[in-house]
Every structure is written in C-alpha cells, then in structure tokens.
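For reference, the structure is listed below as structure tokens.
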Amino acid sequence: MDLSKKILCCDWGTSNFRIYLVDKEKQKILEQFEDTTGISEVYKLWRRKNKKDQTAFFRGFLQDKIEEFSKSIDQSLKDLDVTLSGMASSTLGMTEVPYSQLPFDLTNPELSFKELKYSKRYANPVYIFGGLKSTDDVMRGEEIQLLGLRDYINEKECLCILPGTHSKHITISKGKVSSFQTFMTGEIFNVIKEYSILRNSITGKGSQVEKIKFFRAGVLEGSKSNLLGSLFKIRANDILYKMPKTSNELYLSGLLIGSELSSILSYEGSLLLGGSNPLFSLYQEAIAFLKPELDLHTISPDEMLQAIPRAQLYLMNKIAGKNV
C-alpha cells in the first residue's frame with residue numbers, strides 16, 4: 001500500500017466514533033470502522049481513571065482504535081496522517097481547538113486547527129479541526145459536513161437540518177452559514193430511555209405499522225403541546241394500557257422530534273435534510289407528515305458519509321497551500 005496516497009479521516013462525535021481509510025487522489029473511502037465510543041463515554045473513562053493528561057489519554061485511545069481498525073482490515077496504518085473533527089476538539093475531547101466566528105464561507109472556509117506530531121509513542125500524526133460559534137451557540141462537526149456538501153449547497157438560500165445527538169438547524173445564505181440553533185433531541189432521548197422513570201415503559205419492538213402510527217402520534221403531540229406536560233403520557237399510556245408498550249419508544253422519539261420541528265411550521269423556504277439512518281428516515285417522515293407542502297430536499301446517508309472525508313481532505317490541501 002502506497003501510504004503517500006492514503007489518509008485516515010475521523011469523525012469523533014459525542015456518541016459515536018467513525019474512522020475511514022481514504023484514497024486521497026480519488027477522494028474515495030476504501031475501508032471504514034465505527035463504534036459507539038463517542039467523546040462523552042471516553043471523557044467519563046478518563047475521569048474515572050483519574051488521568052491528568054487528557055490529550056495523552058485521548059490520543060492513546062485513538063491509537064488503540066487505529067490498531068483495532070488495522071487488524072480488522074489486515075493492513076498496516078502506521079504513519080498515516082489522521083484528520084479529526086467533531087467533539088474531539090472540545091474541552092471534553094482530545095485537545096481544545098478554538099471556534100471560528102460566523103459567518104462561515106463554504107467557498108473560502110477558515111477553520112482553526114491544531115497539529116499533534118508523530119512521536120515514538122504515537123505512530124500517526126493528527127490534525128484536529130475546530131468548530132463554529134455564533135453569539136449564543138456553538139457547533140463542532142456539522143461545519144465539516146456542510147463543507148463536504150458545498151458543491152451541492154452552492155448558492156442556495158435554505159435551512160439545513162442535520163439530526164444527531166445535538167441536532168442542528170443551520171441557515172445558509174449565498175454560500176455562507178449565517179446562523180444556527182442546536183436542539184438536544186438525541187441526548188434527551190437517550191437520557192429518558194436510560195435513566196428516567198419512563199425507561200420501564202419503553203421497548204423498541206413492535207410491527208412497522210404500529211411504529212409509524214405511534215411515531216406520527218408523538219410527532220403531532222410534540223409539535224403542538226408543552227413537551228414537559230406530554231412526556232409523562234408515555235408512562236400513563238403504559239399503566240392505563242392505552243398504548244402498546246412496544247410502541248412507546250417510537251412515540252417518545254416522535255414527541256421529541258415533533259417538538260424540535262415545531263420551529264419550522266412557519267418556515268416557507270427551502271429545507272435541506274441530511275443525516276444517517278435511522279434518524280434520517282425518522283426526520284424525513286416527521287417533516288413530510290407535519291408540513292407536506294414544504295420544499296424539502298434530502299441528502300442521502302451515503303452522501304453524508306462521503307462529505308466528511310471530502311471536507312477534511314479539502315482543508316488539508318488548503319493547509320498545504322495547494323489550489324483547492
């Protein structure tokens with residue numbers, strides 16, 4: 001394998017770890033590895049072990065993951081450059097990289113980055129990209145996705161929704177990110193499912209017909225009612241047998257997504273939706289159900305997957321001073 005033509009592109013978010021072996025010239029994903037050891041879990045692990053050097057702990061964890069990836073594909077990945085975006089550049093991650101200020105020009109992006117050099121202890125040099133900030137909000141990772149989609153977005157005037165642990169609604173005007181808002185939809189879902197009293201009323205089974213029916217019921221309820229007042233209905237529906245327990249998880253998902261999407265009910269412009277499944281499909285279903293007349297454009301999960309290494313390679317070429 002010609003190492004000069006390969007690179008490791010990593011998206012390390014709050015809940016998931018994803019790394020791709022990429023052909024730099026063809027900008028093609030050759031192999032991929034992912035699991036659920038997101039930044040939040042690794043940060044907790046670092047705290048439990050009472051480690052002092054946070055950067056060293058995270059970099060060692062990354063190195064272990066690269067080795068695991070290497071064994072799974074039976075290829076040496078030693079000495080390959082690693083590009084890294086997402087929550088890895090936050091105070092909870094490997095090392096903090098400063099935010100760049102809005103507006104963010106997708107045609108001429110300026111993002112902070114930090115280089116962690118090769119050493120005997122760490123076989124892969126790492127380039128970590130920072131995120132974006134407005135006057136009252138921050139993001140890390142989604143700006144990379146948008147940059148990888150810039151040829152698709154072009155000069156569109158649109159609202160872009162990127163579902164995730166922390167869902168983003170991003171306003172794009174004339175090729176620039178002008179504002180955004182964060183919704184903690186995914187994280188609230190996980191907290192309720194794992195730690196609240198409602199966890200005893202939730203299972204993920206049931207027929208597809210049931211799931212669509214009760215998901216839509218949750219979306220409608222969430223879009224028009226006070227969320228805090230609606231959540232306990234999940235337990236009441238379970239105890240009073242008004243709803244099959246097997247459908248409550250989709251009802252909860254619908255409640256939270258519906259509450260988030262209530263913000264677009266008065267929106268009249270173009271909407272761009274991109275993400276990975278199953279969230280992508282759920283948001284697509286919810287938007288079509290709540291506002292079928294909306295000018296909705298979707299970006300497939302596969303295209304979203306390709307966007308991250310495409311953007312990271314673009315930024316690496318920009319750092320190297322190449323024409324991009």
Side-chain angles (χ1 to χ4, degrees), residues 8-19 34-66 81-104 109-119 121-122 124-148 162-170 177 179-192 194-195 260 308 311-312 315-316 319:
L8 291 171
C9 297
C10 182
D11 173 33
W12 203 351
T14 304
S15 305
N16 293 284
F17 173 90
R18 301 180 178 94
I19 191 165
E34 64 179 275
D35 62 24
T36 56
T37 51
I39 290 296
S40 179
E41 181 177 333
V42 180
Y43 180 77
K44 290 176 184 176
L45 184 62
W46 172 71
R47 291 290 299 270
R48 284 200 300 269
K49 292 195 173 185
N50 197 26
K51 298 286 186 179
K52 292 183 179 180
D53 191 335
Q54 186 172 339
T55 298
F57 183 83
F58 272 81
R59 196 167 182 191
F61 190 91
L62 174 63
Q63 203 67 57
D64 289 344
K65 287 296 175 184
I66 292 172
D81 286 345
V82 180
T83 53
L84 185 55
S85 59
M87 287 295 287
S89 65
S90 73
T91 56
L92 303 179
M94 185 178 295
T95 184
E96 186 175 13
V97 181
Y99 292 103
S100 298
Q101 182 69 53
L102 291 185
F104 180 60
E110 296 293 337
L111 274 182
S112 301
F113 77 95
K114 185 177 290 187
E115 179 183 359
L116 302 179
K117 296 183 181 297
Y118 163 89
S119 69
R121 185 178 180 186
Y122 305 113
N124 299 85
V126 179
Y127 297 82
I128 309 177
F129 298 105
L132 297 180
K133 66 178 179 179
S134 65
T135 56
D136 60 358
D137 208 341
V138 293
M139 73 162 70
R140 290 190 187 272
E142 293 84 2
E143 71 291 334
I144 296 293
Q145 292 177 311
L146 290 175
L147 183 56
L162 300 177
T165 305
H166 301 141
S167 180
K168 303 290 185 188
H169 293 203
I170 305 162
V177 176
S179 65
F180 60 90
Q181 184 176 4
T182 302
F183 295 82
M184 293 182 65
T185 310
E187 183 164 356
I188 296 300
F189 177 85
N190 289 331
V191 169
I192 291 173
E194 297 297 329
Y195 301 106
E260 174 189 331
I308 293 170
Q312 292 182 352
L315 291 171
M316 288 295 286
I319 290 168

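Under a cutoff of 6.0 Å and an axis angle of 45°, Arg47 and Phe57 do not form a cation-pi pair.
Residues Cys10 and Leu62 approach most closely at SG-CD1, 4.5 Å, considering heavy atoms. Nearest heavy atom pair, residue Leu84 against residue Gln312, reads C-NE2, 4.0 Å. Of all non-hydrogen atoms in Asp81 and Pro125, the two that sit nearest each other are OD1-CG, 3.0 Å. When all heavy atoms of Gly93 and Gln54 are compared, the closest pair comes out as O-NE2, 2.8 Å. When every heavy atom of Thr165 is checked against every heavy atom of Ser15, the shortest pair comes out as OG1-OG, 2.8 Å.
Taking a 6.0 Å sphere around NZ of Lys114, one finds it holds more than 12 heavy atoms contributed by other residues, nucleotides or ligands.
Looking at Asn124 and Gln63, their side chains do bring a donor and an acceptor atom within 3.5 Å of each other. Between the side chains of His166 and Glu142, no donor-acceptor pair of N or O atoms lies under 3.5 Å.
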CA sep, side-chain torsions, deciding dist, call: Val138, Tyr99, side-chain contact (heavy atoms from CB on, under 4.5 Å): CA-CA 8 Å; Val138 293; Tyr99 292 103; 3.6 Å; yes
Hey, mind stepping through Ser167 and Thr185 against side chain to side chain donor-acceptor pair (under 3.5 Å) and telling me if it holds? CA-CA 6 Å; Ser167 180; Thr185 310; 5.2 Å; no
With side chain to side chain donor-acceptor pair (under 3.5 Å) as the criterion, how do Thr36 and Glu41 come out once you've worked through the C-alpha distance, each side chain's angles and the decisive distance to 0.1 Å? CA-CA 8 Å; Thr36 56; Glu41 181 177 333; 4.8 Å; no
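Between Phe129 and Val97 there is no side-chain heavy-atom pair separated by less than 4.5 Å. Two residues are said to be in side-chain contact when any heavy atoms from C-beta on lie closer than 4.5 Å; Leu315 and Leu147 meet this criterion. Counting heavy atoms from C-beta outward, Asp11 and Ile144 have side chains that stay 4.5 Å or more apart. Two residues are said to be in side-chain contact when any heavy atoms from C-beta on lie closer than 4.5 Å; Gln101 and Lys133 meet this criterion. When side chains are defined from C-beta on, Ser89 counts as touching Arg140, because their heavy atoms get closer than 4.5 Å. Inter-residue side-chain proximity for Phe104 and Leu146 is flagged as unmet; no heavy-atom pair is nearer than 4.5 Å. Between Met87 and Tyr43, the closest side-chain pair of non-hydrogen atoms is not below 4.5 Å.
Taking CZ of Phe58 as the reference point, atom CG of Leu45 lies at 8.5 Å (rounded to 0.5 Å). The line from CH2 of Trp46 to NZ of Lys52 is 11.5 Å long, rounded to the nearest 0.5 Å. Note that the NZ atom of Lys168 and the CG atom of Leu132 stand 9.5 Å from one another [nearest 0.5 Å]. Here the CD-OG1 distance, from Glu115 to Thr95, works out to 12.5 Å after rounding to the nearest 0.5 Å. Within the model, atoms OG of Ser112 and CD1 of Ile128 stand 12.5 Å from one another, a figure rounded to the nearest 0.5 Å. Note: Ser134 OG to Met139 CE = 8.5 Å, rounded to the nearest 0.5 Å.
A donor-acceptor pair is defined here as one N or O able to donate and one able to accept, closer than 3.5 Å; such a pair exists between the side chain of Asp137 and the backbone of Thr182. Checked by atom type and distance alone, the side chain of Arg59 pairs as donor or acceptor with a backbone atom of Leu116 at under 3.5 Å. Although no hydrogens or angles enter the test, the distance criterion places a donor-acceptor pair under 3.5 Å between the side chain of Glu143 and the main chain of Gly141.
For Lys65, the side chain to side chain contact (heavy atoms under 4.5 Å, CB included) partners two or more places apart in sequence, or in a different chain, are Phe17, Phe33, Asp35, Thr37, Phe61, Glu68.
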